[in-house]
Amino acid sequence: MAQENPFGQVLVALVTPMTADGEVDWPGVEKHIDDVIQAGADGIVVTGTTGETSTLTDPEKIKLVEVGKDVAAGRAKIITGGGSNETAHAIELYKHSEQAGADGIMIVTPYYNKPTQAGILTHFRMVADATDLPVILYDIPSRTGVPIKYETIIRLAKHPNILAVKDAKGDFSEVSRVLNQTDLMYFSGDDANVLPHLAIGATGLIGVTANIAPAPYRTIVDAVNRGDLKAATAAHMQLEPLVRAVMTHVPGTVAAKYILHGLGRISSPRVRLPLVGPEEWEAALIEDEIDLVQGIPGVDFHNFRPDRNAAAGGALPKVAGTTR
């Protein structure tokens, strides 16, 4: 029997708006969360990769959950992402996130230390044991160095709190196999593959480009829900150049902030080191893709004003977030 979905379907992998000197722009965070919910998002993942979890302090991560819950006010689920490659630290973070009101947690495969599948299994089980919240496993071997193998996913599916996988591995045959063998839900973790994932039975998406354009993702999901492949495909094609602009030239959070700032929707394109803004030639590539975007609901590039000072060649501001 299929599980009830406690996460939503159109989930935004939220950027964390920052001031020009690299501090979290809390009013900007509130505005951005409200913007994407009004445009059709029913889930917000804070402190994920796109939220710059690697360079956020623990207090900032907890506050993002609190602010998210306050702004969402029941209109969207607030999921906390990130975690840690240290199991004990991950458990502490998720416990505090639960106390702060998170509706669910997304646990990334431990990165850098490249554990065996037995280590991955134990990490996920221990974190899931430590919370009553529903869990999404995040399978992204391009960042973590190791995949969650099929056999490991099957074993983890037996845990009562583990309900879903965010897939950025792109093995569609494995997704189908897991959907066939378990009650797990799948969320597309690759913006270019949202429609293909949904077409084989995924529940929804956790998207970077959705920071800029949640509405067409809402259109795609609603169309798939009612079995209208034609409408879903039309929205998918409309999104394609914007997805390319966000996902192919620089890290997604860098491009998303550059574009959101150019649209006047966040106050600064600032990211924290070691991420930097796009260099001029990278910005030019992003803008070439943007020139191909047409008719996306809720996004008007006629007034796009990119910040040339966002380029990495500019003076580096002071380093923020250096205290833990």
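In what follows, every heavy atom counts, from backbone to side chain, and hydrogens, waters and symmetry copies are set aside.
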Would you indicate whether the side-chain heavy atoms of [Y] and [X] approach each other to under 4.5 Å?
X    : Y    : value
I286 : I259 : yes
S97  : I62  : yes
H32  : L14  : yes
R155 : Y150 : no
E151 : Q117 : no
R272 : E23  : yes
T203 : L198 : no
L242 : E289 : no

What's the spacing between [X] [atom1] and [Y] [atom2] if we round to 0.5 Å?
X    : Y    : atom1 : atom2 : value
K158 : L184 : NZ    : CG    : 10.0 Å
D288 : R244 : CG    : CZ    : 10.0 Å
T55  : E60  : OG1   : CD    : 8.5 Å
K114 : T144 : NZ    : OG1   : 9.5 Å
H261 : S268 : NE2   : OG    : 6.0 Å
D171 : S176 : CG    : OG    : 9.0 Å

Please find the pair of heavy atoms, one from [X] and one from [Y], that lie closest to each other, and give the distance.
X    : Y    : value
A76  : I44  : CB-CG1, 4.4 Å
I296 : A213 : CG2-CB, 3.8 Å
G40  : V10  : O-CB, 4.0 Å
A41  : V12  : CB-CG2, 3.7 Å
I220 : A232 : CG1-O, 3.7 Å
R265 : G298 : NH1-O, 4.3 Å

Using only heavy-atom distances, determine whether the side chains of [X] and [Y] contain a donor-acceptor pair under 3.5 Å.
X    : Y    : result
D190 : H197 : no
N5   : Q9   : no
Q99  : Y94  : no
N211 : T209 : no
T80  : T47  : yes
H159 : N161 : no
D25  : T19  : no
E52  : T16  : no

Begin from the C-alpha positions of V24 and L56 and carry the test side-chain contact (heavy atoms from CB on, under 4.5 Å) through to its verdict.
-> CA-CA 9 Å; V24 177; L56 292 173; 4.2 Å; yes

Do [X] and [Y] share a hydrophobic cluster (ILVMFWY, side-chain heavy atoms under 4.5 Å, transitive)?
X    : Y    : answer
L133 : I91  : yes
I107 : L93  : no
I154 : V135 : yes
V299 : F304 : yes
L292 : L239 : no

Expected output: side-chain [X] to main-chain [Y] donor-acceptor under 3.5 Å:
X    : Y    : result
E282 : E279 : yes
N193 : P196 : no
K169 : I148 : yes
D191 : G207 : no
S188 : L205 : no
Q181 : V178 : no
D167 : G170 : yes
T131 : V127 : no
H96  : E92  : yes
Q238 : G295 : yes

With K63 via salt bridge (charged side-chain N to carboxylate O under 4.0 Å, His left out) - residues at least two apart =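 If we apply the salt bridge (charged side-chain N to carboxylate O under 4.0 Å, His left out) test to K63, skipping adjacent residues, there are no hits.
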
Test log, rule side-chain contact (heavy atoms from CB on, under 4.5 Å), inputs E174 and K149 = CA-CA 9 Å; E174 180 176 286; K149 290 191 173 171; 5.9 Å; no

Would [X] and [Y] pass as an ion pair if we require N to O under 4.0 Å?
X    : Y    : value
R75  : D34  : yes
D129 : R125 : no
K230 : D228 : no
K31  : D35  : yes
E98  : K69  : no

Tell me, please, which residues at least two apart from T233 pass side-chain contact (heavy atoms from CB on, under 4.5 Å).
->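 In terms of side-chain contact (heavy atoms from CB on, under 4.5 Å), with neighbours along the sequence ignored, T233 is linked to L195, L229, M237.
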
Evaluate the side-chain contact (heavy atoms from CB on, under 4.5 Å) criterion for residues L137 and K166: first the C-alpha distance (whole Å), next the side-chain angles of each, then the deciding distance (0.1 Å), finally the verdict.
-> CA-CA 6 Å; L137 307 176; K166 177 184 177 183; over 6 Å; no

Kindly give the cluster partners of L11, where membership spreads through any ILVMFWY side chain lying under 4.5 Å from a current member.
->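 Members besides L11, by chain and number: F7, V45, I79, M106, V108, Y111, Y112, I136, Y138, I140, L163, M185, F187, I206.
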
Going through the checks in order, is the side-chain contact (heavy atoms from CB on, under 4.5 Å) test met by F124 and T109?
-> CA-CA 8 Å; F124 283 137; T109 315; 4.0 Å; yes

